[in-house]
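Structure record follows, encoded as structure tokens.
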Amino acid sequence: MGMLDINIMKGFIRFCDDGWQQGWHERNGGNLTYRLKKEEVAEMKPFFDETPRPWVSMGVTGENLAGEYFIATGSGKYFRNVSLDPADCLCVVEINDKGDSYRIVWGLVNGGRPTSEFPSHFMNHSVRVAATNGATRVIYHAHPANVIAMTYVLPLTDREFSRALWKSATECPVVFPGGVGVVPWMVPGGADIALATCEKMKKFEAAVWAQHGLFVSGPDFDITFGLMHTIEKSAQIWVLQKSTGLPELQTITDDALRAIAKEFGVTIREEFLD
Ligand code: 13P
Ligand code: ZN
């Protein structure tokens, strides 16, 4: 029995592999974090390093995450390699009692640090934990090509993207009835993009990063992966449809979106409908 036999660690590794197989993680693209449950931390503790590494200030604060533990992908690590060598590619970090610093307690055995987007992940965990009454555990960032392609040709508004995605596949209004937020192009990896994404994630469970990728949140691995998958699939249909060059003869109407929401018992964001 070791760290890699723990179920939640197996799930994290499988998630990385699934993302790689979808083609969303060229090179070191993308990152994943999971907020551990108390019982999962207890299961892992026997395998933590004897001496944790030094505290590192994050430049952002999430008071509601003080004392929490996260599994995170390492900065510069390839999703492709995670399942081959999890202890080289992943880490477990502990958050301090102020909620402004982390220290590595397991993993990254050949050195390194958590993803450069850790400030974004951390702040978005903080916002989503508050917005979902503690239910959110997963934040996932990937580089799915079709979502990125859309950001070159559609106005970068929450409304335009939500409508385009809802109308490109009938399941979409059921899977993300709240729609998606859109963050304009920004330098990746810092506190600024973290704060801009947080503003969107107060309202949405997914945020598009223009010319970069997609950020999603959820309560578990299946739902979070499924959200990324559904949004990217819909974006692919949108891109394929536009690529025919043919005029659009029919689409899912706004009233049809309302009807889907009613049938499936979800609340679609009415302000985005005509
Ligand atoms: P990391 O390798 O630091 O996780 O960065 C990848 C990425 O996608 C940045 O947005
Ligand atoms: Zn990225």
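We number each residue from 1, following the sequence as shown. When a ligand or atom number is given, it counts from 1 through the structure's own listing order.
- Taking all heavy atoms of G189, G30, S116, S120 into account, the minimum distance to atom 8 (O) of ligand 1 is reached by G30.
- In terms of polar-atom proximity, G76 is counted as a contact of ligand 1, with an N or O under 3.5 Å from an N or O of the ligand.
- Donor-acceptor pairing under 3.5 Å is recorded for the side chains of D17 and S83.
- At a threshold of 4.5 Å between non-hydrogen side-chain atoms, the residues P144 and Q22 do not count as touching.
- At under 3.5 Å, a nitrogen or oxygen of T115, whether backbone or side chain, sits near a nitrogen or oxygen of ligand 1.
- Between Y34 and F221, the distance from one ring center to the other falls under 6.0 angstrom.
- Every atom of ligand 1 is numbered from 1 in the order shown, and the set under 4.0 Å from a heavy atom of H212 is 10 (O).
- Panel detail: the Zn ion (ligand 2) has protein N, O or S atoms under 2.8 Å away, 3 in number.
- Proximity of N28 to ligand 1, defined as any heavy-atom pair under 4.0 Å, is shared by backbone and side chain alike.
- In the vicinity of H143, heavy-atom distances shorter than 4.0 Å reach the ligand 1 atoms 8 (O).
- For atom 9 (C) of ligand 1, the closest non-hydrogen atom of the protein is E117 OE2, 3.2 Å.
- Taking every non-hydrogen atom of H141 and a distance limit under 4.0 Å, the qualifying atoms of ligand 1 come out as 8 (O), 10 (O).
- Inter-residue side-chain proximity for W24 and F79 is flagged as unmet; no heavy-atom pair is nearer than 4.5 Å.
- For the pair L156/T151, a side-chain contact is recorded, criterion being any heavy-atom separation below 4.5 Å from C-beta on.
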